[in-house]
Peer 1: 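The structure's right below; bear with me while I get my questions together.
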2 protein chains.
Amino acid sequence: MVTSTKQTSREVVECLKVISDPTRLLIMKLVEQKEYCVCQFVDMFAISQPAISQHLRKLKQAGLVKEDRRGQWRYYSIDESSVHSHLVKGILNHIDKEDEQFNLLLSKETPVNCK
Amino acid sequence: MVTSTKQTSREVVECLKVISDPTRLLIMKLVEQKEYCVCQFVDMFAISQPAISQHLRKLKQAGLVKEDRRGQWRYYSIDESSVHSHLVKGILNHIDKEDEQFNLLLSKETPVNCK
DNA sequence: GACTTATATAAGTATTTTATTATACAATGA
DNA sequence: TCATTGTATAATAAAATACTTATATAAGTC
């Protein structure tokens, strides 16, 4: 069953604004599958740790991801309870599984306790 | 049948960037149903004619709309042949039919030969 | 408690975006 | 052909965005 919870155009715009960035779209593509630790994103993307942190803050403020603090680490995963969840997943589904950028990220994935 | 032509993440980002603006998203919601003349957009939105023109240019450059010149008028409509067409329509489908902004626009709709 | 590690926040900056006003261009009609 | 109408483009300014480096916070370790 496809539950299509309708949203206001304003809400849709807010959601699109957040994911219309290459880093954040790919973060969403990652966390759609499983949770990731911040340090893993830092290893995968070619930007600084604060930049990653700021992207995650935007995603969290928009309610697209949820945060789980365990020890020193913070894990992020898709927030399935978000009003935007269905819209986001529909969009992510348009990305080819063989997408070069995405597979490049996956190839850089490291375990959480990398060091 | 749902034809889901997969795209690169880069392509999806480019598409999202273009429609993650309230004016352009609503223009797409309008032209999804029928063609509109530039002068109609100018009447419906509370921004200047050049601003409308620039939004339309962005939509056209991204291939989301097509232009039809007839007489003095230029008509815009959704480009169904676009690689983004399916993605865009999926997104537009998340907007509530009772959306306040959208209905406000519709209430301001005028015929083409308004004056 | 001091040191380290993981992450967030602050401040600053370069770039991009979106509007505006002014102007150009293209079609219509007297 | 000249004026009008519809639309696009140019120039510019203001605001938003996405980085950077520096620093703060918070948890873990010795």
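To find a chain, count down the sequence lines: A is the first, B the second, and so on, and within it residues start at 1.
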Peer 1: Taking CZ from B:Arg57 and P from D:dG6, how many angstroms apart are they, rounded to a whole number?
Peer 2: 21 Å
Peer 1: Is there a side-chain contact between A:Tyr76 and the phosphate of C:dA8, meaning an N or O under 4.0 Å from OP1 or OP2?
Peer 2: yes
Peer 1: For A:Asp43 and C:dA6, give me the distance from atom CG to atom C1', rounded to whole Å.
Peer 2: 12 Å
Peer 1: Set out, line by line, the N/O atom pairs under 3.5 Å between protein and nucleotides 24-30 of chain C.
Peer 2:
none

Peer 1: Starting at OH of B:Tyr75 and ending at P of D:dA8, how long is that distance when rounded to a whole Å?
Peer 2: 13 Å
Peer 1: What distance separates B:Gln7 CD from B:Leu87 CG, expressed to the nearest 0.5 Å?
Peer 2: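 So the gap between those two atoms works out to 5.5 Å.
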Peer 1: Under 4.0 Å, heavy atoms only, any strand: does A:Glu67 hit a base, just the sugar-phosphate, or nothing?
Peer 2: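 Sugar-phosphate contact only.
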Peer 1: Give the table of side-chain donor-acceptor pairs shorter than 3.5 Å for residues 8-15 of chain B, with sequence neighbours excluded, one pair per line with atom names and distance.
Peer 2:
from: B:Thr8; atom 1: OG1; to: B:Glu11; atom 2: N; distance (Å): 3.0
from: B:Ser9; atom 1: OG; to: A:Asp99; atom 2: OD1; distance (Å): 3.3
from: B:Ser9; atom 1: OG; to: A:Asp99; atom 2: OD2; distance (Å): 2.7
from: B:Glu11; atom 1: OE1; to: B:Thr8; atom 2: N; distance (Å): 3.0

Peer 1: Mind checking the CG-CG spacing from B:Leu25 to B:Leu92? Nearest 0.5 Å is all I need.
Peer 2: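 Rounded to the nearest 0.5 Å, the CG-CG separation comes out at 6.0 Å.
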Peer 1: Please list all pairs meeting side chain to side chain donor-acceptor pair (under 3.5 Å) that have one or both residues in residues 28-38 of chain B, counting only residues at least two apart or in different chains.
Peer 2: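 Sorted pair list: B:Lys34-B:Glu109, B:Glu35-B:Arg70, B:Tyr36-B:Glu109.
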Peer 1: Could you write nucleotides 14-23 of chain C as a row of B, S and -, 5' to 3', where a protein heavy atom under 4.0 Å of any base atom gives B, of only sugar-phosphate atoms gives S, and otherwise -?
Peer 2: ----SBBBB-
Peer 1: I'd like to check A:Ser53 versus A:Arg57 (side-chain heavy atoms, cut-off strictly below 4.5 Å). Are they in contact?
Peer 2: no
Peer 1: Just how far is it from atom CD of B:Gln101 to atom OG1 of B:Thr23, taken to the nearest 0.5 Å?
Peer 2: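 So the gap between those two atoms works out to 10.0 Å.
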Peer 1: Return the minimal non-hydrogen interatomic distance between A:Val18 and A:Leu64, and the atom names on each side.
Peer 2: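 Nearest heavy atoms, A:Val18 then A:Leu64: CG1-CD1, 4.0 Å.
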Peer 1: For A:Phe41 and C:dA8, what is the distance between atoms CZ and P respectively, to the nearest whole Å?
Peer 2: 11 Å
Peer 1: Please report the interatomic distance NE2(B:His55) to CZ(B:Arg24), rounded to the nearest 0.5 Å.
Peer 2: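 The distance works out to 5.5 Å.
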Peer 1: Would you kindly give the CD1-to-P distance between B:Ile52 and D:dT9, to the nearest whole Å?
Peer 2: 15 Å
Peer 1: What distance do A:Ile27 atom CD1 and A:Leu59 atom CG have between them, rounded to the nearest 0.5 Å?
Peer 2: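 Rounded to the nearest 0.5 Å, the CD1-CG separation comes out at 5.5 Å.
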Peer 1: If the helix axis at each end comes from five base pairs, how far does the helix from C:dG1-D:dC30 to C:dA30-D:dT1 deviate from straight, to 10°?
Peer 2: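 Computed from the C1' atoms at both ends, the axes differ by 10°.
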Peer 1: Which residues within residues 26-34 of chain A lie with some heavy atom under 4.0 Å of an atom in DNA chain D?
Peer 2: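 Result for residues 26-34 of chain A: none.
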Peer 1: Could you check whether A:Glu80 pairs with A:Lys89 (Lys NZ or Arg NE/NH1/NH2 to Asp/Glu carboxylate O, under 4.0 Å)?
Peer 2: yes
Peer 1: Where do B:His94 and A:Thr5 come nearest, in terms of heavy atoms and distance?
Peer 2: CD2-O, 4.2 Å
